[in-house]
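Remember, it's 1-based here, ligands and their atoms both numbered in the order they're listed. The structure presented is a predicted model; accordingly, all values stated were derived computationally and were not measured.
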Amino acid sequence: MAEKRWISETLFDELGFRMTYQAERILYEMQTRHQHLVLFQHKHFGKMLMLDGATQVTTRDEFIYHEMMTHVPIFAHGRAKEVLIIGGGDCGIAEEVLKHKLVRRVTQVEIDASVIAFAKEHFPEFTRPVFRDKRFESVIGDGMKYVAKTARRFDVIIVDSTDPQGPGAVLFTKKFYAACRRCMAPGGVMVTQNGVPFMQPGELVSSIRHFKKLFADARCYVASIPTYVGGHMAMGWASKDRRLRQTSLRVIETRYRKAGRFKTRYWTPEVHVAAFALPRFIEDQVRKA
Ligand code: SAM
(Lines give C-alpha, C1' and ligand atoms only; values in the text may rest on other atoms or scores of the structure.)
Protein backbone atom coordinates (compact mmCIF):
# COMPACT_ATOMS: atom_id res chain seq x y z
CA MET A 1 0.00 0.00 0.00
CA ALA A 2 1.55 3.34 -1.15
CA GLU A 3 2.42 5.71 1.68
CA LYS A 4 -0.10 8.52 2.07
CA ARG A 5 1.25 11.90 0.97
CA TRP A 6 1.52 14.79 3.41
CA ILE A 7 0.63 18.14 1.82
CA SER A 8 1.94 21.37 3.34
CA GLU A 9 0.46 24.82 3.32
CA THR A 10 3.48 27.02 2.48
CA LEU A 11 1.71 30.37 2.99
CA PHE A 12 3.54 31.05 6.27
CA ASP A 13 6.98 29.69 5.34
CA GLU A 14 8.49 33.12 5.95
CA LEU A 15 7.24 32.86 9.54
CA GLY A 16 8.89 29.46 9.88
CA PHE A 17 5.45 27.85 10.23
CA ARG A 18 3.77 25.13 8.15
CA MET A 19 0.45 23.30 8.48
CA THR A 20 0.70 19.83 6.95
CA TYR A 21 -2.23 17.56 6.09
CA GLN A 22 -2.18 13.80 5.39
CA ALA A 23 -4.00 13.17 2.10
CA GLU A 24 -6.18 10.06 2.08
CA ARG A 25 -6.39 10.47 -1.73
CA ILE A 26 -5.27 13.06 -4.28
CA LEU A 27 -8.45 13.86 -6.22
CA TYR A 28 -7.03 16.37 -8.68
CA GLU A 29 -3.76 18.21 -9.25
CA MET A 30 -2.62 20.54 -12.04
CA GLN A 31 -0.64 23.66 -12.86
CA THR A 32 -3.24 26.00 -14.40
CA ARG A 33 -2.38 29.08 -16.50
CA HIS A 34 -2.45 31.08 -13.25
CA GLN A 35 -1.62 28.86 -10.26
CA HIS A 36 -0.88 25.38 -8.85
CA LEU A 37 -4.10 23.61 -7.87
CA VAL A 38 -4.40 20.49 -5.71
CA LEU A 39 -7.56 18.90 -4.32
CA PHE A 40 -7.29 16.04 -1.85
CA GLN A 41 -9.47 14.04 0.54
CA HIS A 42 -8.63 14.58 4.23
CA LYS A 43 -10.08 12.34 6.97
CA HIS A 44 -11.14 15.23 9.21
CA PHE A 45 -11.62 18.25 6.87
CA GLY A 46 -13.13 16.35 3.91
CA LYS A 47 -12.22 17.67 0.47
CA MET A 48 -9.50 20.33 0.67
CA LEU A 49 -8.54 22.72 -2.14
CA MET A 50 -5.14 24.45 -2.12
CA LEU A 51 -3.99 27.06 -4.62
CA ASP A 52 -0.25 27.91 -4.68
CA GLY A 53 0.22 26.28 -1.26
CA ALA A 54 -2.63 28.15 0.46
CA THR A 55 -5.81 26.46 1.73
CA GLN A 56 -8.83 27.88 -0.11
CA VAL A 57 -11.82 25.79 0.93
CA THR A 58 -12.64 22.58 2.74
CA THR A 59 -16.01 20.82 2.79
CA ARG A 60 -15.88 20.64 6.60
CA ASP A 61 -15.51 24.35 7.52
CA GLU A 62 -16.47 26.27 4.33
CA PHE A 63 -19.84 27.32 5.81
CA ILE A 64 -18.21 29.71 8.29
CA TYR A 65 -16.35 31.85 5.75
CA HIS A 66 -19.03 31.66 3.03
CA GLU A 67 -21.88 32.64 5.36
CA MET A 68 -19.98 35.51 7.04
CA MET A 69 -18.69 36.96 3.75
CA THR A 70 -22.25 36.93 2.35
CA HIS A 71 -24.99 37.40 4.95
CA VAL A 72 -23.25 40.18 6.91
CA PRO A 73 -23.02 42.68 4.00
CA ILE A 74 -26.39 41.68 2.44
CA PHE A 75 -28.42 41.88 5.68
CA ALA A 76 -26.61 45.07 6.73
CA HIS A 77 -27.48 46.64 3.36
CA GLY A 78 -31.10 45.46 3.54
CA ARG A 79 -32.16 46.01 -0.09
CA ALA A 80 -29.31 44.60 -2.18
CA LYS A 81 -30.31 43.72 -5.76
CA GLU A 82 -27.01 43.71 -7.68
CA VAL A 83 -24.15 41.66 -6.17
CA LEU A 84 -20.62 41.36 -7.59
CA ILE A 85 -18.24 38.55 -6.55
CA ILE A 86 -14.56 38.92 -7.44
CA GLY A 87 -12.81 35.54 -7.44
CA GLY A 88 -14.94 32.92 -5.71
CA GLY A 89 -14.37 30.28 -8.42
CA ASP A 90 -15.43 27.40 -6.13
CA CYS A 91 -18.92 29.06 -6.12
CA GLY A 92 -19.36 28.70 -2.35
CA ILE A 93 -20.05 32.43 -1.96
CA ALA A 94 -22.44 32.56 -4.94
CA GLU A 95 -24.44 29.69 -3.45
CA GLU A 96 -24.98 31.69 -0.24
CA VAL A 97 -25.81 34.96 -2.08
CA LEU A 98 -28.52 33.22 -4.11
CA LYS A 99 -30.33 32.28 -0.86
CA HIS A 100 -31.36 35.97 -0.76
CA LYS A 101 -34.53 36.13 -2.88
CA LEU A 102 -34.43 39.96 -3.08
CA VAL A 103 -31.13 39.75 -4.98
CA ARG A 104 -31.87 40.13 -8.71
CA ARG A 105 -28.45 39.39 -10.23
CA VAL A 106 -25.15 37.89 -9.05
CA THR A 107 -22.09 38.45 -11.25
CA GLN A 108 -18.97 36.38 -10.49
CA VAL A 109 -15.67 37.44 -12.09
CA GLU A 110 -13.13 34.64 -11.76
CA ILE A 111 -9.72 34.78 -13.50
CA ASP A 112 -9.11 31.03 -13.72
CA ALA A 113 -11.62 28.98 -15.74
CA SER A 114 -9.95 25.78 -14.48
CA VAL A 115 -11.09 26.52 -10.92
CA ILE A 116 -14.74 26.66 -12.04
CA ALA A 117 -14.41 23.59 -14.26
CA PHE A 118 -12.94 21.58 -11.45
CA ALA A 119 -15.48 22.94 -8.94
CA LYS A 120 -18.29 21.66 -11.20
CA GLU A 121 -16.74 18.20 -10.91
CA HIS A 122 -15.70 18.21 -7.25
CA PHE A 123 -17.94 20.76 -5.47
CA PRO A 124 -21.38 20.09 -7.07
CA GLU A 125 -23.01 21.07 -3.78
CA PHE A 126 -21.97 24.66 -4.65
CA THR A 127 -21.98 24.73 -8.42
CA ARG A 128 -25.21 22.83 -9.19
CA PRO A 129 -27.65 25.24 -7.46
CA VAL A 130 -25.60 28.20 -8.72
CA PHE A 131 -25.41 27.33 -12.42
CA ARG A 132 -29.08 26.42 -12.62
CA ASP A 133 -30.10 29.81 -11.12
CA LYS A 134 -30.99 32.33 -13.88
CA ARG A 135 -29.84 35.21 -11.68
CA PHE A 136 -26.22 33.96 -11.84
CA GLU A 137 -23.74 35.33 -14.39
CA SER A 138 -20.22 33.85 -14.66
CA VAL A 139 -17.47 36.04 -16.17
CA ILE A 140 -13.95 34.66 -16.74
CA GLY A 141 -11.47 37.49 -16.39
CA ASP A 142 -9.28 39.62 -14.15
CA GLY A 143 -11.29 41.30 -11.41
CA MET A 144 -9.13 44.43 -11.67
CA LYS A 145 -9.94 44.90 -15.36
CA TYR A 146 -13.64 44.20 -14.77
CA VAL A 147 -14.18 46.79 -12.03
CA ALA A 148 -12.08 49.33 -13.94
CA LYS A 149 -14.29 49.04 -17.05
CA THR A 150 -17.83 47.96 -16.11
CA ALA A 151 -20.69 50.42 -16.59
CA ARG A 152 -22.82 48.54 -14.05
CA ARG A 153 -23.27 49.54 -10.41
CA PHE A 154 -23.34 47.07 -7.51
CA ASP A 155 -25.00 47.27 -4.08
CA VAL A 156 -22.68 44.65 -2.57
CA ILE A 157 -19.16 43.69 -3.72
CA ILE A 158 -17.65 40.51 -2.22
CA VAL A 159 -13.92 40.01 -2.88
CA ASP A 160 -13.37 36.27 -2.35
CA SER A 161 -9.78 36.27 -3.52
CA THR A 162 -6.63 34.28 -2.93
CA ASP A 163 -3.93 35.91 -0.77
CA PRO A 164 -1.89 38.89 -2.10
CA GLN A 165 0.36 36.68 -4.24
CA GLY A 166 0.25 35.73 -7.92
CA PRO A 167 -2.99 36.74 -9.70
CA GLY A 168 -4.54 37.85 -6.36
CA ALA A 169 -1.94 40.53 -5.55
CA VAL A 170 -3.69 43.24 -7.57
CA LEU A 171 -6.89 42.71 -5.56
CA PHE A 172 -5.24 44.25 -2.48
CA THR A 173 -4.12 47.48 -4.20
CA LYS A 174 -5.50 51.02 -3.84
CA LYS A 175 -6.12 51.06 -7.60
CA PHE A 176 -8.43 48.04 -7.28
CA TYR A 177 -10.32 49.43 -4.28
CA ALA A 178 -10.75 52.79 -6.04
CA ALA A 179 -12.20 51.00 -9.07
CA CYS A 180 -14.56 49.08 -6.73
CA ARG A 181 -15.73 52.37 -5.28
CA ARG A 182 -16.34 53.62 -8.85
CA CYS A 183 -18.71 50.73 -9.64
CA MET A 184 -20.35 50.66 -6.20
CA ALA A 185 -23.93 51.99 -6.10
CA PRO A 186 -24.77 54.79 -3.60
CA GLY A 187 -25.13 53.34 -0.11
CA GLY A 188 -23.17 50.24 -1.20
CA VAL A 189 -20.67 48.09 0.69
CA MET A 190 -17.63 45.95 -0.15
CA VAL A 191 -16.25 43.08 1.95
CA THR A 192 -12.85 41.51 1.38
CA GLN A 193 -11.00 38.34 2.31
CA ASN A 194 -8.30 39.97 4.45
CA GLY A 195 -6.27 37.21 5.98
CA VAL A 196 -5.51 36.24 9.56
CA PRO A 197 -4.30 39.34 11.48
CA PHE A 198 -2.18 37.36 13.96
CA MET A 199 -0.22 35.84 11.06
CA GLN A 200 -0.65 38.46 8.32
CA PRO A 201 -1.00 41.88 10.08
CA GLY A 202 0.38 43.78 7.07
CA GLU A 203 -2.45 42.57 4.82
CA LEU A 204 -5.22 44.04 6.95
CA VAL A 205 -3.41 47.29 7.81
CA SER A 206 -2.65 47.96 4.15
CA SER A 207 -6.27 47.40 3.04
CA ILE A 208 -7.77 49.45 5.88
CA ARG A 209 -5.35 52.31 5.07
CA HIS A 210 -6.68 52.35 1.48
CA PHE A 211 -10.31 52.03 2.64
CA LYS A 212 -9.93 55.05 4.95
CA LYS A 213 -8.87 57.22 1.99
CA LEU A 214 -11.63 55.97 -0.33
CA PHE A 215 -14.77 55.16 1.70
CA ALA A 216 -17.01 56.79 4.34
CA ASP A 217 -16.67 53.72 6.56
CA ALA A 218 -13.52 51.56 6.85
CA ARG A 219 -13.35 48.66 9.28
CA CYS A 220 -13.31 44.86 9.48
CA TYR A 221 -15.20 42.08 11.22
CA VAL A 222 -13.97 38.67 12.31
CA ALA A 223 -14.72 34.97 12.40
CA SER A 224 -12.62 31.91 13.21
CA ILE A 225 -12.16 29.37 10.43
CA PRO A 226 -10.29 26.20 11.52
CA THR A 227 -8.26 25.79 8.30
CA TYR A 228 -7.39 29.48 7.96
CA VAL A 229 -4.83 28.94 10.66
CA GLY A 230 -3.81 31.51 13.27
CA GLY A 231 -6.98 32.60 15.05
CA HIS A 232 -9.49 35.22 13.86
CA MET A 233 -9.85 35.81 10.14
CA ALA A 234 -10.46 39.44 9.18
CA MET A 235 -13.08 40.41 6.60
CA GLY A 236 -12.49 43.93 5.37
CA TRP A 237 -15.48 46.33 5.38
CA ALA A 238 -15.62 49.40 3.13
CA SER A 239 -18.88 51.29 2.71
CA LYS A 240 -20.25 54.52 1.28
CA ASP A 241 -22.80 54.53 4.15
CA ARG A 242 -21.62 54.63 7.78
CA ARG A 243 -25.05 53.51 9.04
CA LEU A 244 -24.88 50.01 7.52
CA ARG A 245 -22.46 48.77 10.14
CA GLN A 246 -24.62 50.21 12.92
CA THR A 247 -27.73 48.28 11.81
CA SER A 248 -29.39 47.07 15.02
CA LEU A 249 -29.92 43.45 16.07
CA ARG A 250 -33.71 43.95 15.90
CA VAL A 251 -33.53 45.18 12.29
CA ILE A 252 -31.20 42.30 11.28
CA GLU A 253 -33.64 39.83 12.88
CA THR A 254 -36.57 41.36 11.00
CA ARG A 255 -34.69 41.22 7.68
CA TYR A 256 -33.74 37.56 8.33
CA ARG A 257 -37.37 36.70 9.14
CA LYS A 258 -38.53 38.43 5.94
CA ALA A 259 -35.86 36.52 4.00
CA GLY A 260 -37.54 33.30 5.15
CA ARG A 261 -35.01 32.41 7.90
CA PHE A 262 -33.10 30.13 5.50
CA LYS A 263 -30.84 27.57 7.19
CA THR A 264 -27.42 28.72 8.38
CA ARG A 265 -24.76 26.91 10.41
CA TYR A 266 -22.64 29.85 11.62
CA TRP A 267 -24.25 33.21 10.82
CA THR A 268 -27.00 34.39 13.17
CA PRO A 269 -28.26 37.97 13.79
CA GLU A 270 -26.38 37.94 17.12
CA VAL A 271 -23.13 36.63 15.56
CA HIS A 272 -23.51 39.28 12.83
CA VAL A 273 -23.60 42.17 15.31
CA ALA A 274 -20.90 40.66 17.56
CA ALA A 275 -18.48 40.11 14.66
CA PHE A 276 -17.73 43.85 14.56
CA ALA A 277 -16.53 43.82 18.19
CA LEU A 278 -12.78 43.45 17.57
CA PRO A 279 -10.19 42.07 19.99
CA ARG A 280 -7.88 44.90 21.10
CA PHE A 281 -4.84 43.81 19.02
CA ILE A 282 -6.96 43.87 15.83
CA GLU A 283 -8.68 47.11 16.93
CA ASP A 284 -5.20 48.64 17.28
CA GLN A 285 -4.23 47.46 13.77
CA VAL A 286 -7.39 49.09 12.36
CA ARG A 287 -6.86 52.33 14.31
CA LYS A 288 -3.17 52.61 13.38
CA ALA A 289 -3.84 51.98 9.66
N1 SAM B 1 -11.83 31.65 0.34
C2 SAM B 1 -10.58 31.52 -0.24
C3 SAM B 1 -9.55 32.22 0.60
O4 SAM B 1 -9.98 32.89 1.54
O5 SAM B 1 -8.37 32.06 0.40
C6 SAM B 1 -10.62 32.01 -1.66
C7 SAM B 1 -11.35 31.11 -2.47
S8 SAM B 1 -11.54 31.44 -4.16
C9 SAM B 1 -11.14 29.87 -4.75
C10 SAM B 1 -10.23 32.47 -4.69
C11 SAM B 1 -10.28 32.70 -6.18
O12 SAM B 1 -9.74 33.99 -6.53
C13 SAM B 1 -9.44 31.67 -7.00
O14 SAM B 1 -10.31 30.85 -7.73
C15 SAM B 1 -8.55 32.54 -7.90
O16 SAM B 1 -8.41 32.02 -9.19
C17 SAM B 1 -9.33 33.87 -7.90
N18 SAM B 1 -8.54 35.04 -8.28
C19 SAM B 1 -7.26 35.32 -7.91
N20 SAM B 1 -6.86 36.47 -8.49
C21 SAM B 1 -7.90 36.93 -9.24
C22 SAM B 1 -8.12 38.10 -10.04
N23 SAM B 1 -7.14 39.01 -10.22
N24 SAM B 1 -9.34 38.27 -10.61
C25 SAM B 1 -10.33 37.34 -10.43
N26 SAM B 1 -10.19 36.21 -9.68
C27 SAM B 1 -8.99 36.03 -9.09
Atom 19 (C) of ligand 1 [closest protein heavy-atom partner, distance rounded to 0.1 Å]: Thr162 OG1, 3.3 Å
Nearest neighbour in protein (non-hydrogen) for atom 4 (O) of ligand 1: Gln193 CG, 3.1 Å
Residue-ligand contact Asp90/ligand 1, heavy atom below 4.0 Å: yes
Tyr228 touching ligand 1 at heavy-atom level, < 4.0 angstrom: yes
Quick one: which ligand 1 atoms are inside 4.0 Å of a heavy atom on [X]?
{"X": "Val109", "result": "25 (C), 26 (N)"}
{"X": "Val115", "result": "14 (O)"}
{"X": "Leu171", "result": "20 (N), 21 (C), 22 (C), 23 (N)"}
{"X": "Leu51", "result": "13 (C)"}
{"X": "Gly141", "result": "24 (N), 25 (C)"}
{"X": "Asp112", "result": "16 (O)"}

Carboxylate-amine/guanidinium proximity below 4.0 Å for Glu96 and Lys99: yes
Distance-minimising heavy-atom pair for Met199 and Leu15: O-CD1, 3.5 Å
Check: Tyr266 ring centroid to His71 ring centroid under 6.0 Å: no
Pair His100 + Phe75: ring centers closer than 6.0 Å: yes
Nonpolar side-chain network containing Val115, other nodes, edges under 4.5 Å: Leu27, Tyr28, Met30, Leu37, Leu39, Leu49, Leu51, Val57, Phe118, Phe123, Phe126
Nearest candidate to [atom], where distance is taken over non-hydrogen atoms, out of [options]:
{"atom": "atom 27 (C) of ligand 1", "options": "Ile85, Val159, Ile111", "result": "Ile111"}
{"atom": "atom 7 (C) of ligand 1", "options": "Gln165, Met144, Gln56", "result": "Gln56"}
{"atom": "atom 11 (C) of ligand 1", "options": "Glu110, Lys145, Gln35, Met235", "result": "Glu110"}
{"atom": "atom 8 (S) of ligand 1", "options": "Thr227, Asp160, Asp142, Thr192", "result": "Asp160"}

Test of proximity, Gly143 against ligand 1: N or O pairs below 3.5 Å: yes
Ligand 1 to Pro167 polar contact by distance, N or O atoms, under 3.5 Å: yes
Enclosure of Arg128 CZ (heavy-atom neighbours >12, cutoff 6.0 Å): no
Within 6.0 angstrom of Lys101 NZ, more than 12 heavy atoms from elsewhere: yes
With sequence neighbours excluded, residues passing side-chain contact (heavy atoms from CB on, under 4.5 Å) with Gln246: none
Matching residue for His232 among Val222, Ile225, Val196 - test: side-chain contact (heavy atoms from CB on, under 4.5 Å): Val222
Verdict with reasoning, Tyr65 to Asp160, per side chain to side chain donor-acceptor pair (under 3.5 Å): CA-CA 10 Å; Tyr65 172 82; Asp160 177 25; 2.5 Å; yes
